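The structure under discussion appears below in the form of structure tokens.
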Number of protein chains: 2
Amino acid sequence: MTSSGVTVPGRADARRNHHNLLVVAREVFAEQGAQASLRDVARRAGVAIGTLYRHFPNRDALLEAVLREGFLALGEAADALLASDTPREALLDWMTTFSSAPGECRGLPETMLAALGDETSALHAPCRVLRDAAARLLARAQELGEVHADVTGDDLFAALVAMRWVAENADAERAERLRELVGRGLGAPQ
Amino acid sequence: MTSSGVTVPGRADARRNHHNLLVVAREVFAEQGAQASLRDVARRAGVAIGTLYRHFPNRDALLEAVLREGFLALGEAADALLASDTPREALLDWMTTFSSAPGECRGLPETMLAALGDETSALHAPCRVLRDAAARLLARAQELGEVHADVTGDDLFAALVAMRWVAENADAERAERLRELVGRGLGAPQ
DNA sequence: ACCTGAACACCGTTCAAGT
DNA sequence: ACCTGAACACCGTTCAAGT
């Protein structure tokens with residue numbers, strides 16, 4: 001049930017093109033960021049630009065196909081941490097994973113926030129999955145009194161994406177220190 | 001002593017063009033963000049594209065000319081707060097000013113972090129001014145024991161720019177809530 | 001069904017030619 | 001001293017024409 005928005009075509013050549021585009025796009029996004037040239041993707045995949053657009057109607061659709069798995073895995077990793085008996089630490093660990101993790105691909109934070117606010121985007125659903133997973137982790141830590149009750153899931157998500165933005169635009173170490181700062185801010189006074 | 005990197009030309013027509021480009025650029029950057037089309041700026045200023053490049057050799061030079069005053073004013077506002085006898089509150093207030101303030105111009109946070117790391121950028125000096133002003137405010141709050149001693153000026157600046165990024169990409173309210181979170185994280189245990 | 005690539009409306013940047 | 005605008009090498013996106 002890999003139900004992405006884009007359907008894998010039936011004809012053999014088309015299926016090959018589809019797959020090839022995905023592989024190449026992953027590379028190119030990693031190299032040039034989420035705003036990479038789609039023409040370049042098509043070129044390196046050895047197809048005409050029109051073929052790329054036939055398989056993926058826009059940039060978000062292509063990004064979604066590339067990022068889907070990683071996003072879902074990240075969400076599942078969060079849910080796995082729900083069982084932890086130190087939920088605040090679990091949340092903080094996951095924050096590090098989130099901000100440094102999947103698909104090193106500059107420019108993603110902008111896209112993620114935009115997609116979260118745009119229900120027509122192909123990336124909307126995967127981003128929602130992530131935000132909701134983060135919110136569950138947060139809720140658990142709040143129930144146990146380890147995190148301030150007034151922080152919302154959207155607050156946390158904004159902080160997460162901001163940390164990732166810092167990791168991309170400054171460096172991972174700075175993002176990590178920001179996480180510590182935010183982590184201290186999250187903590188409920190015991 | 002308005003010593004910016006770009007020199008105001010002597011000839012009357014050139015001086016008029018220079019000034020006009022600045023006025024129009026401020027509008028266009030506000031409308032379309034820091035990555036706005038320079039061609040559009042030239043068009044709306046009624047000059048050929050080559051004229052824009054003659055006055056401002058690249059985008060950063062034009063941005064610097066547009067943002068310079070606001071940045072310096074923001075730095076001075078920080079120094080004015082150094083006298084406060086509640087330095088932690090002063091810092092937090094200034095953080096709000098910083099993240100919502102000068103030249104509503106999307107895409108600036110990226111540019112600011114990049115300029116801070118690139119000494120050849122025309123924006124390098126103004127960004128340094130801001131970071132140093134923030135660092136002084138921080139140092140004062142730390143001396144009085146109101147803020148954790150292990151936070152550095154660069155940490156604070158990254159947090160500031162990240163908040164501004166959130167203000168641009170989500171909304172000002174979310175950025176404000178992130179500021180509260182970070183503010184709590186800054187606070188030394190009394 | 002699917003692929004191709006010309007076409008359109010844009011960019012940033014440079015530089016010879018003009019006044 | 002300064003301005004113009006063609007030129008170059010790019011974009012994203014669409015769509016008629018082909019197989």
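Protein chains get the first letters and strands the later ones, always in sequence-line order, with residue 1 at the start of each. Bear in mind that the values here come from a model prediction, so they are computed numbers and not experimental data.
Side-chain atoms of D155(A) and T152(A) form a donor-acceptor pair, as typed in the model, at a separation below 3.5 Å.
Between P9(A) and S37(B), the residue whose closest nucleotide on DNA chain C is further toward the 5' end is P9(A).
Running 5' to 3' along DNA chain C, contacts with non-hydrogen atoms of chain A at under 4.0 Å begin and end at dA1(C) to dA7(C).
Residues R15(B) and V8(B) are in side-chain contact: their nearest non-hydrogen atoms beyond the backbone lie under 4.5 Å apart. No side-chain heavy atom of H124(B) sits under 4.5 Å from any side-chain heavy atom of D118(B).
The stretch residues 11-25 of chain B has no heavy atom under 4.0 Å from DNA chain C, so no residue of it qualifies as close. Contacts between residues 38-52 of chain A and DNA chain C, defined by a heavy-atom separation below 4.0 Å, involve R39(A), V47(A), A48(A), I49(A), G50(A), T51(A), listed by number.
Ion pair D93(A)/R88(A) not flagged as a salt bridge, since none of the NZ, NE, NH1 or NH2 atoms sits closer than 4.0 Å to an Asp/Glu carboxylate oxygen. Salt-bridge check for R140(A) with E143(A): failed, with every basic side-chain N at 4.0 Å or more from each acidic carboxylate O.
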After noting the C-alpha distance and the side-chain angles of F29(B) and L67(B), does the key distance pass the side-chain contact (heavy atoms from CB on, under 4.5 Å) rule? CA-CA 10 Å; F29(B) 283 142; L67(B) 299 172; over 6 Å; no

Passes side-chain contact (heavy atoms from CB on, under 4.5 Å), L91(A) versus L156(A)? Steps please. CA-CA 10 Å; L91(A) 174 58; L156(A) 176 61; 3.9 Å; yes

Passes side-chain contact (heavy atoms from CB on, under 4.5 Å), L92(B) versus E89(B)? Steps please. CA-CA 5 Å; L92(B) 288 174; E89(B) 271 182 40; 5.6 Å; no

Worked verdict on W165(B) versus R106(B) for side-chain contact (heavy atoms from CB on, under 4.5 Å): CA-CA 8 Å; W165(B) 181 85; R106(B) 286 180 58 112; over 6 Å; no

Treat a base pair as Watson-Crick or G-U wobble with both distances under 3.5 Å, then lay out DNA chain C in dot-bracket form, 5' to 3', with | for cross-strand pairs. ||.|||||...|||||.||

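L81(A) pairs by the side chain to side chain contact (heavy atoms under 4.5 Å, CB included) definition with A90(A), W94(A), L137(A), not counting sequence neighbours.
Within a 6.0 Å radius of CD in E173(B), no more than 12 heavy atoms belonging to other residues, nucleotides or ligands are found.
With rounding to the nearest 0.5 Å, the separation of CG in L178(B) from CE in M163(A) is 10.5 Å.
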Report, one line per pair, each donor and acceptor closer than 3.5 Å where one atom sits in a side chain of residues 16-27 of chain B; sequence neighbours left out.
| residue | atom | partner | partner atom | Å |
| --- | --- | --- | --- | --- |
| H18(B) | ND1 | H55(B) | ND1 | 3.3 |
| R26(B) | NH2 | V66(B) | O | 2.5 |

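A distance of about 13 Å separates the C1' atoms of dC3(C) and dC15(D), rounded to the whole Å.
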